[in-house]
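Chain letters run A, B, ... following the sequence lines, proteins first, then strands; residues in each count from 1. Worth saying up front: this structure is predicted, and the values here are computed from it rather than measured.
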Amino acid sequence: MCNWRNEVRTIFVLGFPSDVKERELQNLLRWWPGYEASQMNFKCDQPMGFALFSTVAMAMAARDALQNLVFDADTNSVLRAEMAKKNLFVKRGVAGDPCISFDGSKRMRTGGGDYSPAPYSAPYPSTYLTQPMTSPTPAWAPQTYGLPQPQYDQYGAYVAPQPLPITPSGYAPVQNTKDNPPCNTLFIGNLGEAVNEIELRALFSGQLGFRQMKVLRQGKNIVCFIEFLDVNSAMLVHTNLQGAVLSTSDRGGMRIQYPHNVYVYIYLISSKL
DNA sequence: AGCACA
C-alpha cells in the first residue's frame, strides 16, 4: 500500500477561546507551508481545531509552532497542539481557490484529502507529494529563481542581494476590510501569479525602515511578509503602497495588511523554510 | 487529557 497517504499529517489544536470562529483557525494557518485544510469542531465543551498538511513533517512543524502560542491575550488562551489521531477528512473535487472563494456556509475543504488518485485539487502538484522532504526546491519554498548568487561580506556574513529600487506602475483600489492592529510587520496579498522575490525586494527594500522580508509561494498564491524597524515605518508603507500595482500584477493592486499573527512570520523568518 | 468531519 501507499503508506504516505495514510500517514497522519493532521494536527489537533486545543486552547481556543470559546467564541473562536472557524475562520480564525483558517486565517492563522492559511499561509503555513503545506497547509491544505482545517476545521474547527464545536461539539464538545471546548473548541477543537484540526488542520491537514501536505506532509507529516510540515504538520509537525506547524504543530511545534502553534505550541504554547498565545492566541488571545485577553482571554488567556494558550494553544496546545498535537498530531491528530486521524487525518482530517477532505471532500474530493472541491474546486476553486480556497483563499478567495470562501463560501462561509460550510467549512472550506480544499480537496484532495481522502485520496483516490484522480481529480486532485490540493494546492500542490501531486508530484510534490511524492518528493522527499530534502527536495532542493519544494513548491512552497521562497521564489529565488534567477536571483544572483548569494553575496557575502568580508566577514563571511550573508548579504541579501539588493536589486535596483522600483516604484509601482500604478495604484488600484483594494478591499482591505479585515485588517489587524498595526505592528512592525506587513502581510502582502493579492500579488500576481508571476511575481518574484526580486521584484518584491526591489519595491520594499528601498522603503524607509525596511529590515527583512520573506516570500512564500503556495501553489498559485504568493504572499510576502515585510518586517520594518518600527511600527511607524510599517504604517507608512501600509498607507503609501496600498493597492500598488507591479508589472506582474494580474488581479489589481496588492493588499497590504498587518498580519493576523506575527508569530507565523517570526517562525518563517527564523526557520530555513 | 480532551480527536470530529465522512
What is the distance, to the nearest angstrom, from the [atom1] atom on [X] to the [atom2] atom on [N]?
| X | N | atom1 | atom2 | result |
| --- | --- | --- | --- | --- |
| A:F12 | B:dA1 | CZ | P | 12 Å |
| A:R80 | B:dC3 | CZ | P | 13 Å |
| A:L79 | B:dG2 | CG | C1' | 15 Å |
| A:K91 | B:dA4 | NZ | C1' | 14 Å |
| A:L14 | B:dA4 | CG | C1' | 12 Å |
| A:E82 | B:dA4 | CD | P | 13 Å |
| A:K86 | B:dC5 | NZ | P | 9 Å |
| A:F16 | B:dC3 | CZ | P | 16 Å |

> What does A:M40 touch in the nucleic acid at a heavy-atom separation under 4.0 angstrom: a base, only the sugar-phosphate, or nothing?
Replying inline: nothing

> Just checking, any donor-acceptor pair under 3.5 angstrom between side chains of A:S233 and A:Q207?
Replying inline: no

> For residues 234-243 of chain A, which residue pairs qualify under side-chain hydrogen bond (donor to acceptor under 3.5 Å, both in side chains), counting only residues two or more places apart or in two chains?
Replying inline: A:D179-A:H238

>> Do A:M213 and A:S205 have side chains that approach each other closer than 4.5 Å (heavy atoms only, starting at C-beta)?
In response: no

>> Strictly distance-based, threshold 3.5 Å: is any side-chain N or O of A:E227 a donor or acceptor partner for the main-chain N or O of A:F210?
In response: no

> What's the closest nucleotide to the A:N41 side chain, out of B:dA4, B:dA1, B:dC3?
Replying inline: B:dA4

> Does A:K43 make a side-chain N or O approach to OP1 or OP2 of B:dC5 shorter than 4.0 Å?
Replying inline: yes

